[in-house]
Amino acid sequence: MFHRGEHAVQRRAGLTVDGWGSAGVGATIPQVAADFLSRQRLIVIAAADETGAAWAGALTGPPGFVTVPNDRTIVADRLPATGDPLSGLFDAERPVGLLAIEPATRRRMRVNGRARGDGGRLTIRTEQVYSNCPKYIQTRADADDSPAQSRTALVTDALTAGHQRWIAAADTFFVATYVAGLGADASHRGGNPGFVTVTGDRRLTWPDYVGNSMYMTLGNLELEPRCGLLFLDWENGHTLHLTGRARADWDPARAAAVPGAQRLIDFDVERVVHITGDLPQRWSFGKYSRFNPT
């Protein structure tokens, strides 16, 4: 499928190869990808709600909670829980982006398609399936799961001081983007702590580093600025979901002030959902990626 947003960004970045990005991605799940999914304990999903706001959320479970019954179908044996911004959205089929990430090995794969809830399960019909390189992934090892604790959700329209400290110290977050008629996408961003700059209770900025030049995230943002961010508290199981609008700044002088930045992405916060005790899984930190600019 031709994606004019990706095409525009690729040309602006100097890439002149046709068919790169969505246009060159197949829909079937190779056996090696099916095996990878069956081992995962974390998947990130992305979708837009009925208002058009984009959100990213996480589903976690023991290895085997994600299965692949055939080469066009993925099933997770759970749905977003109450309080999650994605809760209830899959009562009807809708576009979804999925990112499966294995921090211990720095492996990840992405799937875009359509999803629907079915008896407490999320069933995804794939339209695009592809792997990504290991750049900017920090290693983390699975730790013991924590006993169940009460979940509480705080909803605000701006970042609290605590949220700002959380984001400023983060080395990883996830991005949800979508374009009507072209689908949704979930992607990963990583760097050393401080790579996301907080400039107030409603504004974040992060650098866009060298990647695979597919520009699927920036291509979506070129056509639809609404997007969602997800920050995980890996050690304690809390989640921070943001929705708002993002814009790529191509000013080379501004990017030059940030090590490794090809361009900068400014994000304006419109709504915040902070869920304590959201995830039972825990991860212990290992090493920063050698690709992270310092």
Side-chain angles (χ1 to χ4, degrees), residues 1-3 6 19-48 54-80 86 89-137 142 174-179 181-190 211-217 219-220 228 230 281:
M1 180 184 297
F2 177 77
H3 192 303
E6 293 174 11
W20 188 243
S22 297
V25 175
T28 58
I29 307 166
Q31 186 59 50
V32 65
D35 294 341
F36 175 75
L37 285 169
S38 71
R39 299 192 300 269
Q40 299 317 301
R41 296 168 56 87
L42 167 68
I43 60 173
V44 174
I45 56 175
W55 295 96
L59 297 178
T60 64
F65 92 100
V66 178
T67 57
V68 181
N70 60 61
D71 67 0
R72 288 290 306 278
T73 306
I74 297 170
V75 178
D77 70 0
R78 59 208 60 199
L79 293 167
L86 296 172
L89 290 188
F90 299 103
D91 293 345
E93 185 181 75
R94 68 178 59 239
V96 70
L98 179 153
L99 169 69
I101 187 165
E102 190 173 70
T105 63
R106 294 192 168 108
R107 296 178 65 195
R108 55 179 160 166
M109 64 172 289
R110 286 159 73 176
V111 174
N112 298 333
R114 300 189 65 84
R116 182 166 187 161
D118 175 22
R121 304 180 304 171
L122 183 69
T123 300
I124 300 167
R125 180 71 172 169
T126 64
E127 295 175 348
Q128 298 170 341
V129 179
Y130 52 105
S131 61
N132 277 161
C133 72
K135 284 182 178 179
Y136 318 120
I137 298 177
D142 296 331
F174 303 95
V175 186
T177 58
Y178 81 100
V179 176
L182 293 175
D185 181 78
S187 62
H188 158 277
R189 294 292 182 270
N212 57 19
S213 297
M214 295 176 77
Y215 297 116
M216 298 179 83
T217 297
N220 279 351
L230 172 66
Q281 278 70 30

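For reference, positions follow the sequence shown, starting with 1.
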Measure across [X] and [Y] and return the closest heavy-atom pair with its distance rounded to 0.1 Å.
{"X": "Ala115", "Y": "Val96", "result": "CB-CG1, 3.5 Å"}
{"X": "Gln40", "Y": "Ala100", "result": "CG-CB, 4.2 Å"}
{"X": "Gly183", "Y": "Pro95", "result": "CA-CB, 4.0 Å"}
{"X": "Leu86", "Y": "Ala56", "result": "CD1-C, 4.2 Å"}
{"X": "Gln128", "Y": "Val25", "result": "CB-CG1, 3.6 Å"}
{"X": "Asp185", "Y": "Ala46", "result": "O-CB, 3.4 Å"}

Could you give me the CA-CA distance, side-chain angles and deciding distance for Leu42 and Gln281, then say whether side chain to side chain contact (heavy atoms under 4.5 Å, CB included) is met?
-> CA-CA 9 Å; Leu42 167 68; Gln281 278 70 30; over 6 Å; no

Just jot down the side-chain hydrogen bond (donor to acceptor under 3.5 Å, both in side chains) partners of Asp35, sequence neighbours excluded, or say none.
-> Gln31

Pairing residues for Tyr215 by the side-chain hydrogen bond (donor to acceptor under 3.5 Å, both in side chains) criterion, not counting sequence neighbours = none

May I have all residue pairs that pass salt bridge (charged side-chain N to carboxylate O under 4.0 Å, His left out) and include part of residues 94-107, sequence neighbours excluded?
-> Glu50-Arg94

CG of Asn220 to CG of Asn112: how many Å apart, nearest 0.5 Å?
-> 8.0 Å

Distance from Asp71 atom CG to Thr28 atom OG1, nearest 0.5 Å?
-> 5.5 Å

Stepwise, does the side chain to side chain contact (heavy atoms under 4.5 Å, CB included) test hold for His188 with Phe174?
-> CA-CA 5 Å; His188 158 277; Phe174 303 95; 4.0 Å; yes

Between side-chain atoms of residues 61-70 and protein atoms elsewhere (two or more places apart, or another chain), which donor-acceptor pairs fall under 3.5 Å?
from	atom 1	to	atom 2	distance (Å)
Asn70	OD1	Arg72	N	2.9
Asn70	OD1	Thr73	N	3.1
Asn70	OD1	Thr73	OG1	2.9
Asn70	ND2	Thr73	OG1	3.3

Is there a side-chain contact between Pro80 and Ile45, using heavy atoms and a 4.5 Å cut-off?
-> yes

Applied to residues 22-41, the ring-ring contact (aromatic ring centres under 6.0 Å, His included) test, sequence neighbours excluded, yields none

Taking only distance into account, with no hydrogens and no angle test, what donor-acceptor pairs under 3.5 Å do side-chain atoms of residues 118-125 form with protein atoms, sequence neighbours excluded?
from	atom 1	to	atom 2	distance (Å)
Asp118	OD2	Arg121	NH2	3.2

Under the side chain to side chain contact (heavy atoms under 4.5 Å, CB included) test, which residues partner Val129, sequence neighbours left out?
-> Ile29, Pro30, Met109, Val111, Thr126

How would you list, by chain and number, every residue that makes a side chain to side chain contact (heavy atoms under 4.5 Å, CB included) with Asn212, sequence neighbours excluded?
-> Asn132, Met214

Contacts of Asp142 that satisfy salt bridge (charged side-chain N to carboxylate O under 4.0 Å, His left out) - sequence neighbours left out | Arg41

Donor-acceptor contact below 3.5 Å, side chain Arg110 vs main chain Ala186 | yes

Applying side chain to side chain contact (heavy atoms under 4.5 Å, CB included), run through Met216 and Thr177 and close with a yes or a no.
-> CA-CA 9 Å; Met216 298 179 83; Thr177 58; over 6 Å; no

Quick one: list whatever passes ring pair (Phe, Tyr, Trp, His ring centres under 6.0 Å) with Tyr136, sequence neighbours left out.
-> Tyr209

